[in-house]
Amino acid sequence: MSTVLSLRGPVSEFAKFLLDVAEKWQREWQRRRAFEADPDPSKPKFFITAAFPYPNSPLHLGHSRTYTITDVYARFKRMQGYNVLFPMGFHFTGTPILTMAEAIASGDRELIDLMVSVYDVPEHDLDKLKDPLSMARYFSEEAKKAMIEAGYSIDWRREFTTVDEEFKRFITWQFLRLREKGYIKQGTHPVGWCPVHSMPVGMHDTKGDAEPEIGEYTLILFRIEDEGAYLAAATLRPETVFGVTNMWVNPDTLYVKVRLGNKVVIVSERAAFKLRFQKDGVEVIGKLKGSELVGKVVVNPATGRRVPVLPAEFVDPDTATGVVMSVPAHAPYDYVALRELLESGKLSRIAPNVDASMLEPIPLIEVEGYSEVPARDVVEKHGIRSQRERNKLDEATKEVYSAEFRRGRMRRDLAKLLEFGVPAELKPYVEAPVVMDIAGKPVPEARERTKLWLEALGYADKMYEIMNRPVYCRCGTEIVVKVLKDQWFIDYGNSEWKESVLKAFESIRVVPPEIRQEFLKTVDWLHERAVARTRGLGTPLPWDKSWIIESLSDSTIYMAFYTVIHKIRKYGIHPSKLVPEFWDYVMLGKGDPEKLASKLGIPRDVLEDLRSEFDYWYPLDSRHSGRDLVPNHLTFFVYNHVALFPPDKWPKQIVVNGFVMLEGKKMSKSLRNILPLRRALRIYGPDTVRAAVLVSAELLQDADFSDAVARSVMTQLNKVVKHVENAVESTGDTERRETLADRWLDSRLAIHVKSVAQKLEELRIRAASIELLYEMEHDLEAYLDLRGGSIGPAYRRFVESWVKMLAPITPHIAEEMWQRLGHETLVSLEKWPEPPAYHPETIAAVYYLRLLIDDIKSIAKVIKTKPKKAIVVTAPRNWWRLFRAAAEFAGSREALRETIKAARELGLDAKRAQRVARRIVELVQRLDPEIVKDLLKVGELDEQRVLSQNADYIAAKAGLEEVVVLSMEEDARLHENLPDEARRKLEAVAPLRPAVILQ
RNA sequence: GCGGGGGUGCCCGAGCCAGGUCAAAGGGGGCGGGCUGAGGACCCGCUGGCGUAGGCCUGCGUGGGUUCAAAUCCCACCCCCCGCACCA
């Protein structure tokens with residue numbers, strides 16, 4: 001059993017043929033400059049782009065999905081008479097290329113092997129990957145070749161990369177203007193940080209691609225009695241500070257005294273190291289063992305209560321400050337550690353002044369389904385005995401935490417826990433914040449209030465921590481949180497901007513419509529976003545050249561750049577002349593071209609030409625990408641257009657597609673099951689790959705590429721070739737008689753021409769592809785069947801249109817077939833076919849034949865003896881009144897009544913009228929509504945004629961030797977010669993429902 | 001946790017927004033037949049159950065509800081997938 005991944009060359013003769021045909025037509029398209037698009041005021045324009053690739057590896061099958069969909073749509077629009085521009089560029093901006101080239105240069109065996117054996121990079125090219133820019137150039141050239149070989153109808157004159165000098169000038173303009181509008185801000189932000197590299201690290205920079213999750217601990221400062229220092233407890237649940245019975249430190253850990261703001265605090269040594277990345281002036285001024293802290297007494301800043309410091313081994317010095325406040329009522333760890341300590345009997349030795357009653361859990365939060373001390377409930381439920389049972393404790397903690405967070409409320413009498421030594425008359429003032437803002441409130445609100453209150457008093461601070469710790473940098477160093485100061489942000493949270501973006505979305509067509517909601521929600525929660533990095537390829541921030549504009553930020557309006565770059569080069573305009581005023585004019589029409597011309601030394605008509613080309617193509621009519629770009633790139637793309645361009649230049653449509661799986665599995669580096677696009681094209685031929693990716697899933701679904709689907713597609717393409725050969729050979733055939741079959745095939749074509757166009761317009765490309773490849777072929781087979789194998793005049797008409805309609809999805813074979821049909825034009829540039837005349841009575845007649853054949857077969861199946869002969873008896877022709885009655889009232893309650901009425905008027909007795917009417921009403925209900933419409937249009941069907949002319953066909957299809965067609969009114973003898981049972985069947989004969997008597 | 005999407009026949013997957021045309025498209029697999037020396041190639045048929053006459057029964061995550069009528073609408077529950085930012 002061969003899998004796709006073991007293949008290298010064409011799988012079959014036919015695949016080889018497809019490949020040869022593809023190369024031939026790719027050369028031809030290039031020679032004739034078929035897809036180079038220039039402004040043409042006589043035609044409506046259609047500007048379409050797909051997200052350009054990031055060239056840190058060759059394109060694989062997954063990438064091809066978006067581009068194939070874009071290309072199909074571009075080709076379809078072209079055939080509909082639009083002047084279509086489909087350009088492509090390459091995104092060099094960013095750091096992954098940098099780190100990857102570094103890794104290759106340093107001889108990373110794993111990566112090198114991936115390149116060679118998974119991605120087909122020849123060993124002799126490896127040297128080219130050792131330098132970032134050279135790598136990007138290498139892979140972008142590879143990608144371009146792949147795109148050409150896949151048959152994408154791209155105008156390559158407009159190709160560029162994001163490190164081209166002209167592009168950098170364009171981005172410079174963009175960012176200057178964004179800043180002027182107040183959308184660029186400077187601020188402070190926590191990031192994952194490698195202390196060794198001194199660089200922010202994201203998921204792709206970590207071992208095992210772990211995304212560092214940054215969380216925020218609240219530090220609460222407990223003053224040590226009789227000392228100036230504070231113990232800095234770290235907690236995720238500051239609202240529980242009211243229930244602290246004691247503090248926990250790890251006795252075996254080294255703690256340090258550090259200066260933090262205007263206080264001296266005690267934290268673990270590791271915590272002090274981390275805090276230096278987050279706070280200014282963190283300075284270690286002393287060290288001590290955890291055990292030295294044990295037994296000291298500290299004061300709870302929230303309640304004034306004095307509580308002892310006790311030892312606990314569960315305290316992890318590497319998590320936050322390594323100091324924990326103990327809330328046994330609501331924290332299972334604290335509850336268990338405390339119980340263990342009490343049961344050990346060591347308390348009196350450790351803290352002689354503390355007795356067990358002081359350590360009783362203090363209930364703070366009421367939550368339905370739990371007692372006053374939820375921690376105890378879950379500890380007992382899980383049967384936890386020791387603080388070493390970490391898994392169980394984590395489970396229990398999660399349980400209490402989430403129950404209390406979601407359903408818990410602070411107790412109303414919280415204030416009674418306050419023990420500040422203040423005079424009674426001052427007490428209300430001291431208690432006010434707690435009574436007003438915290439007591440009785442739901443936990444989330446109380447948490448926020450408690451934090452703010454203690455912060456205001458100077459007893460709380462915050463510390464960021466990696467929540468999924470430990471996360472390691474690729475260099476092996478554990479990542480910490482760094483608070484980056486003076487980082488530049490783009491303010492996607494700006495509310496006016498947001499509103500405009502939401503307004504823009506109202507007029508953007510989002511395909512498929514289901515994804516619109518996701519866009520709106522993205523706009524909803526988007527806020528400031530770092531806009532620049534300290535390293536990587538790209539454009540420096542114009543006003544602070546130490547920063548490089550980050551890759552998702554320099555790729556938001558680049559579609560506009562396609563409209564003019566080829567002419568900037570053609571006119572030989574030096575990048576130094578591409579100043580902001582230049583772009584203001586070209587992109588926005590601002591400024592006086594005369595003055596600009598003399599200032600820049602660019603001829604005025606050149607400037608005007610650039611401006612008018614931009615103005616011709618913009619706005620963008622369709623933007624395509626994978627669904628992963630919805631919450632970032634695609635949304636930013638709308639934001640930036642809204643910020644910089646007037647509404648008539650805002651994008652018109654966004655099309656989003658799912659991914660590609662290989663043989664049912666996600667393609668991934670670790671599974672090494674990535675199929676490089678160029679290899680796939682060689683194995684199956686480009687048309688096969690395109691069609692296989694398209695037929696295997698609807699737009700948003702993940703497509704599953706498999707050898708089986710590819711082969712099935714090839715089979716169908718082979719049939720296309722056969723039919724074209726038939727059509728060509730049959731030209732001048734003597735059999736030119738038009739039959740029912742010809743009218744039927746024309747009608748079917750009329751349906752397909754409209755239906756495929758509609759499906760493509762709606763980007764239901766899978767449905768369109770199935771109709772083109774399978775259903776239309778079935779129609780041709782059915783046609784030949786109806787004609788008993790001979791080829792009539794409708795055949796060629798159908799095949800010609802079919803080849804045209806196939807051109808968007810399988811352009812190469814379509815070109816080849818178009819040529820074989822005797823045309824010298826390119827089918828890619830042909831017009832979408834016009835639908836031929838539609839004959840409702842013929843469609844209905846064939847439908848009627850099939851209905852009858854199915855009926856005969858289904859009866860034959862039940863009666864077990866194999867029949868040889870069928871006698872088919874049709875209803876009298878004037879009974880079609882019954883059909884019309886049933887059809888006109890179809891769906892309504894009156895249908896049956898009206899039909900019975902009509903039957904009575906025809907002279908049927910009550911019982912029979914009811915029987916006949918019921919049959920016809922039931923049938924109409926089951927029928928394809930299109931057929932019902934057709935039949936109503938025609939009024940009636942000459943059943944006698946249809947059946948007798950096709951009696952042989954019916955017999956063949958139903959596996960009978962003979963079919964005799966009779967009419968109710970025709971032959972009285974018939975009735976007499978039949979057995980009783982068969983005669984009873986005649987009682988129920990109705991239009992479209994002839995009696996069938998099998999013998 | 002927040003946000004988005006989804007659970008359909010042996011499998012994959014359409015249908016659901018606009019309820020009846022739905023035992024439910026299409027593909028795969030399986031079974032039978034044809035073709036053939038033979039076939040994993042091609043063509044035809046069948047592929048929920050029952051039925052000696054074109055019919056009946058069950059059925060679209062689970063449980064309720066609305067309706068003459070529900071895979072489709074409403075409510076609750078269970079389960080699955082994806083995204084959550086300085087990264088392309």
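By convention in this document, chain letters (A, B, ...) are assigned in the order of the sequence lines, proteins followed by strands, and residues within each chain are numbered from 1. Worth saying up front: this structure is predicted, and the values here are computed from it rather than measured.
Under the Watson-Crick or G-U wobble criterion, with both distances below 3.5 Å, rG19(B) has no partner in any strand shown. Pairing of rG1(B), defined by two Watson-Crick or G-U wobble distances under 3.5 Å, is identified with rC84(B). Using N1 to N3 plus N6-O4 or O6-N4 for Watson-Crick, or N1-O2 and O6-N3 for G-U wobble, each under 3.5 Å, rC56(B) pairs with rG49(B). Both distances falling under 3.5 Å, in either a Watson-Crick or a G-U wobble arrangement, place rG63(B) opposite rC75(B).
Of the P atoms belonging to rU72(B) and rG59(B), the separation is 13 Å, rounded to the nearest Å. Straight-line distance between the P atoms of rG49(B) and rC42(B): roughly 27 Å, to the nearest whole Å. Comparing the C1' positions of rC74(B) and rU66(B) gives an interatomic distance of 7 Å, to the nearest angstrom. For the P atom pair drawn from rA69(B) and rG20(B), the interatomic distance equals 15 Å after rounding to whole Å. Comparing rC11(B) with rU62(B), their P atoms sit 14 Å apart, to the nearest whole Å. Taking atom P in both rG33(B) and rC73(B), the straight-line distance is 44 Å, to the nearest Å. Taking the P atoms as reference points, rC16(B) lies 15 Å from rG61(B), given to the whole Å. The C1' atoms of rU58(B) and rG4(B) are separated by 35 Å, rounded to the nearest whole Å.
Taking the ring axis of Phe505(A) as reference, the NZ or CZ atom of Arg516(A) does not stay both within 45° of it and closer than 6.0 Å to the ring centre. Relative to the ring axis of Tyr783(A), Arg748(A) does not place its NZ or CZ within 45° and under 6.0 Å from the centre.
Neither side chain, Gln278(A) nor Tyr464(A), offers a donor N or O lying under 3.5 Å from an acceptor on the other.
The distance between atom CD1 of Ile770(A) and atom C1' of rA25(B), rounded to the nearest whole Å, is 9 Å. Between Glu771(A) atom CD and rA14(B) atom P there is a gap of 18 Å when expressed in whole angstrom units. Here rG45(B) presents its P atom at 11 Å from CD1 of Ile853(A), a figure rounded to the nearest Å. Rounded to whole Å, atom C1' of rC43(B) lies 12 Å from atom NE2 of His778(A). Rounded to whole Å, the distance from NE2 on His752(A) to P on rG26(B) is 13 Å. Look at CZ on Phe52(A): it is 12 Å from P on rA88(B), rounded to the nearest Å. At whole-Å resolution of the value, CD in Glu448(A) and C1' in rG1(B) are 15 Å apart. The CD-C1' distance, from Glu13(A) to rC42(B), rounds to 17 Å in whole Å.
Projected onto RNA chain B by closest heavy-atom contact, Glu775(A) and Met661(A) fall at different nucleotides, the more 5' of which corresponds to Met661(A). Between Glu528(A) and Glu781(A), the residue anchored closer to the 5' end of RNA chain B is Glu781(A), taking for each the nucleotide with the nearest heavy atom.
Of the possible donor and acceptor atoms, none in the side chain of Arg535(A) sits under 3.5 Å from a partner among the backbone N and O of Thr95(A). Although no hydrogens or angles enter the test, the distance criterion places a donor-acceptor pair under 3.5 Å between the side chain of Lys498(A) and the main chain of Val523(A).
As judged by a 4.0 angstrom heavy-atom cut-off over every strand, Gln701(A) is placed among residues touching the sugar-phosphate backbone only. Residue contacts for His189(A): at a heavy-atom cut-off of 4.0 Å it reaches a base atom on one of the strands shown. Base engagement by Leu552(A) is indicated by at least one non-hydrogen atom pair under 4.0 Å involving a base atom. Asn632(A) comes within 4.0 angstrom of a nucleotide base, judged by non-hydrogen atoms across all strands. The residue Leu700(A) sits apart from the nucleic acid: no heavy atom pair falls under 4.0 Å.
Side-chain proximity of Thr715(A) to the nucleotides rA88(B), rC86(B), rC42(B) is greatest for rC42(B). Which of rA53(B), rA88(B), rG13(B) sits closest to the side chain of Arg766(A) comes down to rG13(B). Listed nucleotides rG28(B), rG26(B), rA88(B) differ in distance to Ser712(A); the shortest reach to its side chain belongs to rG28(B). Of the candidates rG4(B), rC86(B), rA53(B), rG4(B) carries the atom nearest the Glu518(A) side chain, counting heavy atoms from C-beta on.
Taking only side-chain nitrogens and oxygens, Ser551(A) comes nearer than 4.0 Å to OP1 or OP2 of rA88(B). OP1 or OP2 of rA88(B) lies within a sub-4.0 Å distance of a side-chain N or O belonging to Thr95(A). Lys719(A) has no side-chain polar atom (N or O) that falls below the 4.0 Å cut-off from OP1 or OP2 of rC42(B).
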Using the 3.5 Å cut-off, write out each protein N or O paired with an N or O of nucleotides 54-56 of chain B and the distance between them.
| from | atom 1 | to | atom 2 | distance (Å) |
| --- | --- | --- | --- | --- |
| rG54(B) | O2' | Asp855(A) | OD1 | 3.0 |
| rG54(B) | N7 | Lys985(A) | NZ | 2.9 |
| rG54(B) | O6 | Lys985(A) | NZ | 3.3 |
| rG54(B) | N1 | Pro994(A) | O | 3.1 |
| rG54(B) | N2 | Asp855(A) | OD2 | 2.5 |
| rG54(B) | N2 | Pro994(A) | O | 3.4 |
| rG54(B) | N3 | Asp855(A) | OD2 | 3.0 |

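Under the side-chain contact (heavy atoms from CB on, under 4.5 Å) criterion, Pro540(A) pairs with Lys545(A), not counting sequence neighbours. In this structure Phe405(A) satisfies the side-chain contact (heavy atoms from CB on, under 4.5 Å) test together with Val443(A), Pro444(A), Arg447(A), sequence neighbours excluded. With sequence neighbours left out, the side-chain contact (heavy atoms from CB on, under 4.5 Å) criterion links Leu851(A) to Tyr847(A), Leu923(A), Leu927(A).
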Tell me which donor-acceptor pairs under 3.5 Å the side chains of residues 768-776 of chain A have, and how far apart each pair is, sequence neighbours excluded?
| from | atom 1 | to | atom 2 | distance (Å) |
| --- | --- | --- | --- | --- |
| Ser769(A) | OG | Ile765(A) | O | 2.7 |
| Glu771(A) | OE1 | Ser755(A) | OG | 2.6 |
| Glu771(A) | OE1 | Lys759(A) | NZ | 2.6 |
| Glu771(A) | OE2 | His752(A) | ND1 | 2.6 |
| Glu771(A) | OE2 | Ser755(A) | OG | 2.9 |
| Tyr774(A) | OH | Ser712(A) | OG | 2.6 |

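Looking at Arg711(A) and Asp707(A), a side-chain N of the basic residue comes within less than 4.0 Å of a carboxylate O on the acidic one, giving a salt bridge.
Ring orientation note: the planes of Phe52(A) and His91(A) are close to parallel, at an angle under 30° on the 30°/60° scale.
In the region residues 479-488 of chain A, proximity to RNA chain B at under 4.0 angstrom, judged on heavy atoms, holds for none of the residues.
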Exercise. Hey, mind stepping through Tyr684(A) and Phe705(A) against side-chain contact (heavy atoms from CB on, under 4.5 Å) and telling me if it holds?
Worked result: CA-CA 12 Å; Tyr684(A) 299 107; Phe705(A) 186 92; 3.8 Å; yes
